[in-house]
Asker: 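This is the structure I have questions about; it appears just below.
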Amino acid sequence: MTVQSALTRWFGKTARPLPWRESGVTPWQILVSEIMLQQTPAIRVAPQWLSWIARWPDAKSLANASPADAIRQWDRLGYPNRALRLRQTAQRIVEEHGGQLPRDEAELRKLPGIGEYTAAAILAFAYEQRSVVLDTNVRRVITRVWHGRERQPATLGSEERTFAEGLVPSTAKAAARWSAAVMEFGAVICTAKKPQCSHCIIKNECAWRLAGFPASEIHTRKQQFHGTDRQVRGIIMQALKTATKSLAMSDLELVWQDSQQVHRALDSLVSDELVEVTKNGRYRLPQ
DNA sequence: GATGCGTGGGG
DNA sequence: TCCCCAAGCAT
């Protein structure tokens, strides 16, 4: 039995009951889940997806919502730019695609917030087309099982794409199932931090295990979060989301000790159109 | 191609 | 406490 069929069978038996996997979920709703899942764990997305879909079940309804409503409904999923782009995509779909999500990869990639991974995921999971779905889970599983290394390269290159494409089954349905299976396998078994190798059904095929689990080099430290503009942006957005009216600069300067940094973070939020300046020079979510 | 962009949970 | 990481994208 090939690794592909083993993981696909495993997925069929043990897949987590995530709400966007239920029958009757539309391609648009799959897209909403994919945007929410960008850099956010599925367990945190699930309840937010349910309430979002209950409020805005299709592109048209979201297109008619205000940015402020979308940002507030996004709640604390992080990266609120995603909420804005999702709403912009809804408007584009209504205006340019008759309210229907495109089935074409190039058309999907033109939409704000949809990149290489998300376009491939839509093709596979919403339309059951053959595509090369390469997220962090798939890259990690391929690196370990086929190349015998612990960690994938920092940047995704053409060699990785070519190799991954060669693993995708030729028929559309099998390809879509494989992508779902290998992603799930990376998310719950072949995890980054504490892989469950004792429960792994392909341990005898794993090049990483056969090589004795060699550790990869520690990569350069990421940006520290505490004290960054990112943190201040989050605090400002939280203040504006909970406010019942617009806030003055003097209000916002109270949310962080460094008022220079508040100014800088606020400027970037305005530039991102996550914050609006009123005629009176006050601040609020974009109406 | 490196960097910026939230938030929360786990070790 | 601190650090890592989580279905990436845009610039």
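Atom set for the values below is all heavy atoms of this structure, side chains included, hydrogens, waters and symmetry mates excluded. Proteins get letters first, then strands, A, B, ... in listed order; numbering begins at 1 in each.
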Asker: Locate the shortest heavy-atom distance separating A:R21 from A:A15; write the atom from each residue and the value.
Answerer: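 Taking every non-hydrogen atom into account, NH1-CB, 3.9 Å.
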Asker: Would you indicate what A:R16 reaches in the nucleic acid, counting non-hydrogen atoms under 4.0 angstrom: base, sugar-phosphate, or nothing?
Answerer: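 Since a base atom lies under 4.0 Å of A:R16, the category is base.
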Asker: Please state whether the phosphate of B:dG6, meaning OP1 or OP2, lies under 4.0 angstrom from any side-chain nitrogen or oxygen of A:R233.
Answerer: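 Indeed, a polar side-chain atom of A:R233 lies that close.
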Asker: Using a cut-off of 4.0 Å on non-hydrogen atoms, how would the nucleic acid contact of A:S33 be classed: base, sugar-phosphate, or nothing?
Answerer: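 No contact.
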Asker: Rounded to the Å, how far apart are A:Q224 CD and B:dT7 C1'?
Answerer: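 In whole Å, B:dT7 C1' lies 15 Å from A:Q224 CD.
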Asker: Using atom P in both nucleotides, what's the gap between B:dG6 and C:dT1 to the nearest angstrom?
Answerer: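 Approximately 24 Å lies between the P atom of B:dG6 and that of C:dT1.
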Asker: Where each residue is assigned the nucleotide of DNA chain B containing its nearest heavy atom, which of A:K194 and A:M237 is assigned the position nearer the 5′ end?
Answerer: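 Nearest-nucleotide comparison on DNA chain B picks A:M237.
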Asker: Which part of the nucleic acid does A:Q231 contact within heavy-atom distance under 4.0 Å: base, sugar-phosphate only, or nothing?
Answerer: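 Nothing: the residue A:Q231, judged by heavy atoms under 4.0 Å, touches no strand.
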Asker: Taking the side chain of A:M183 as heavy atoms from C-beta outward, which of C:dA7, B:dC5, C:dA10 is closest to it?
Answerer: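 Selected nucleotide: C:dA7.
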Asker: Would you indicate which nucleotide in C:dA6, B:dT7, C:dC3 comes nearest to any side-chain atom of A:T136?
Answerer: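 Taking heavy atoms from C-beta onward, the closest nucleotide is C:dA6.
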Asker: Take atom C1' in C:dA7 and the same atom in B:dA2, then report the distance between them in whole Å.
Answerer: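 One C1' to the other, the span is 22 Å.
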Asker: Can you confirm whether A:Q100 is buried at CD, in the sense that more than 12 heavy atoms of other residues, nucleotides or ligands lie under 6.0 Å from that atom?
Answerer: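 Atom CD in A:Q100 is not crowded, with 12 or fewer foreign heavy atoms closer than 6.0 Å.
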Asker: Just to confirm, is there a sub-4.0 Å distance from OP1 or OP2 of B:dG4 to any side-chain nitrogen or oxygen of A:S268?
Answerer: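 No, A:S268 has no side-chain N/O under 4.0 Å of OP1/OP2 on B:dG4.
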Asker: Given side chain to side chain donor-acceptor pair (under 3.5 Å), test A:Q38 with A:Y117 step by step and report yes or no.
Answerer: CA-CA 9 Å; A:Q38 291 169 358; A:Y117 160 76; over 6 Å; no
Asker: Please identify each residue that fulfils salt bridge (Lys or Arg N to Asp or Glu O under 4.0 Å) with A:R161, with sequence neighbours left out.
Answerer: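 Counting only residues at least two positions away or on another chain, A:R161 forms a salt bridge (Lys or Arg N to Asp or Glu O under 4.0 Å) with A:E116.
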Asker: Can you confirm whether A:E273 is buried at CD, in the sense that more than 12 heavy atoms of other residues, nucleotides or ligands lie under 6.0 Å from that atom?
Answerer: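 Atom CD in A:E273 is not crowded, with 12 or fewer foreign heavy atoms closer than 6.0 Å.
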Asker: CD of A:Q257: more than 12 outside heavy atoms within 6.0 angstrom?
Answerer: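 Yes - once you tally the heavy atoms of other residues, nucleotides and ligands closer than 6.0 Å, there are more than 12.
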Asker: Within the 4.0 Å heavy-atom criterion, would you say A:R21 contacts the bases, only the backbone, or no part of the nucleic acid?
Answerer: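 Here A:R21 touches the bases of the nucleic acid.
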Asker: Base, sugar-phosphate or nothing for A:A187? Non-hydrogen atoms, less than 4.0 Å.
Answerer: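 Sugar-phosphate only.
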Asker: Report the distance from atom CG of A:D267 to atom C1' of B:dG4, rounded to the nearest whole Å.
Answerer: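 It works out to 16 Å between those atoms.
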Asker: In whole angstroms, how far is the C1' atom of C:dA6 from the CZ atom of A:F225?
Answerer: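 Distance, rounded to whole Å: 15 Å.
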Asker: What is the separation between atom CD on A:Q152 and atom C1' on C:dG8, rounded to the nearest whole Å?
Answerer: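 Result: 13 Å.
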Asker: Donor-acceptor check, side chain of A:K241 to backbone of A:D75, threshold 3.5 angstrom: yes or no?
Answerer: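 Here the side-chain-to-backbone pair exists.
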Asker: What parts of residues 119-135 of chain A reach DNA chain B, counting only heavy atoms under 4.0 Å away?
Answerer: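 Correct list: empty, so none.
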Asker: Taking everything shown except A:R9 itself, do over 12 heavy atoms lie less than 6.0 Å from its CZ?
Answerer: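 Atom CZ in A:R9 is not packed in, count stays at 12 or less.
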Asker: Specify the residues of residues 240-249 of chain A, ordered by number, for which at least one heavy atom lies under 4.0 angstrom from an atom of DNA chain B.
Answerer: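 Those residues: none at all.
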Asker: Side chains of A:S216 and A:R151 only: does a donor on one sit below 3.5 Å from an acceptor on the other?
Answerer: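 Not at all, the side chains of A:S216 and A:R151 share no donor-acceptor pair under 3.5 Å.
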Asker: Hey, what do you get for CG (A:L240) to NZ (A:K245), rounding to the nearest 0.5 Å?
Answerer: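 That separation rounds to 11.5 Å.
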Asker: Would you sort out whether A:R76 and A:Q48 count as a side chain to side chain donor-acceptor pair (under 3.5 Å), showing the intermediate values?
Answerer: CA-CA 9 Å; A:R76 301 188 66 81; A:Q48 292 298 325; over 6 Å; no
Asker: Going through the checks in order, is the side-chain contact (heavy atoms from CB on, under 4.5 Å) test met by A:L31 and A:T89?
Answerer: CA-CA 10 Å; A:L31 167 61; A:T89 279; 4.0 Å; yes
Asker: Please list, in numerical order, the residues of residues 65-77 of chain A that have a heavy atom closer than 4.0 Å to any atom of DNA chain B.
Answerer: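 Heavy-atom contacts with DNA chain B come from A:R76, A:L77.
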Asker: Determine the minimum heavy-atom distance between A:A59 and A:A90, stating which atoms define it.
Answerer: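 Closest approach of A:A59 to A:A90, heavy atoms only: O-CB, 3.4 Å.
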Asker: Output the rounded distance in Å from CZ (A:R140) to P (C:dC4).
Answerer: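 So the two atoms are 16 Å apart, to the nearest Å.
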Asker: Under 3.5 Å, which donor-acceptor pairs link side chains of residues 166-174 of chain A to any protein atom two or more places apart or in another chain?
Answerer:
none

Asker: Does anything in residues 38-58 of chain A come within less than 4.0 Å of DNA chain B? Heavy atoms only, and list the residues if so.
Answerer: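 Hits under 4.0 Å, by residue number: A:Q39, A:T40, A:R44.
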Asker: How many whole angstroms separate atom CD of A:E184 from atom C1' of C:dA6?
Answerer: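 So the two atoms are 14 Å apart, to the nearest Å.
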Asker: Just how far, in rounded Å, is P of C:dA6 from CZ of A:R139?
Answerer: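 Distance, rounded to whole Å: 11 Å.
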Asker: Going by the side chain to side chain donor-acceptor pair (under 3.5 Å) test, name the single residue among A:R230, A:R85, A:Q39 that passes it with A:Y79.
Answerer: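 Result: among A:R230, A:R85, A:Q39, A:R230 is the only option passing the side chain to side chain donor-acceptor pair (under 3.5 Å) with A:Y79.
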Asker: If the P atom of C:dC4 is compared with that of B:dT3, how far apart are they to the nearest Å?
Answerer: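 Their P atoms lie roughly 16 Å apart.
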Asker: In whole angstrom, give the distance that lies between atom CG of A:N81 and atom C1' of B:dT3.
Answerer: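 Atom CG in A:N81 sits about 15 Å away from atom C1' in B:dT3.
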Asker: Quick check: on DNA chain C, is the nucleotide nearest A:G113 upstream (toward 5') of the one nearest A:A192, or the reverse? Name the residue that is more 5'.
Answerer: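 Here A:A192 is the residue nearer the 5' end.
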Asker: Which word best sums up how the rings of A:H226 and A:W256 line up, parallel for under 30°, tilted for 30 to 60°, or perpendicular for over 60°?
Answerer: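 Because their plane-to-plane angle is over 60°, the rings of A:H226 and A:W256 count as perpendicular.
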Asker: Quick one: does A:R230 reach the base of B:dG6 with a side-chain donor-acceptor pair under 3.5 Å?
Answerer: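 Such a pair exists between side chain and base.
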Asker: Have a look at A:T191 and say if it touches a base, only the backbone sugar-phosphate, or nothing, with a 4.0 Å heavy-atom cut-off.
Answerer: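 It contacts nothing in the nucleic acid.
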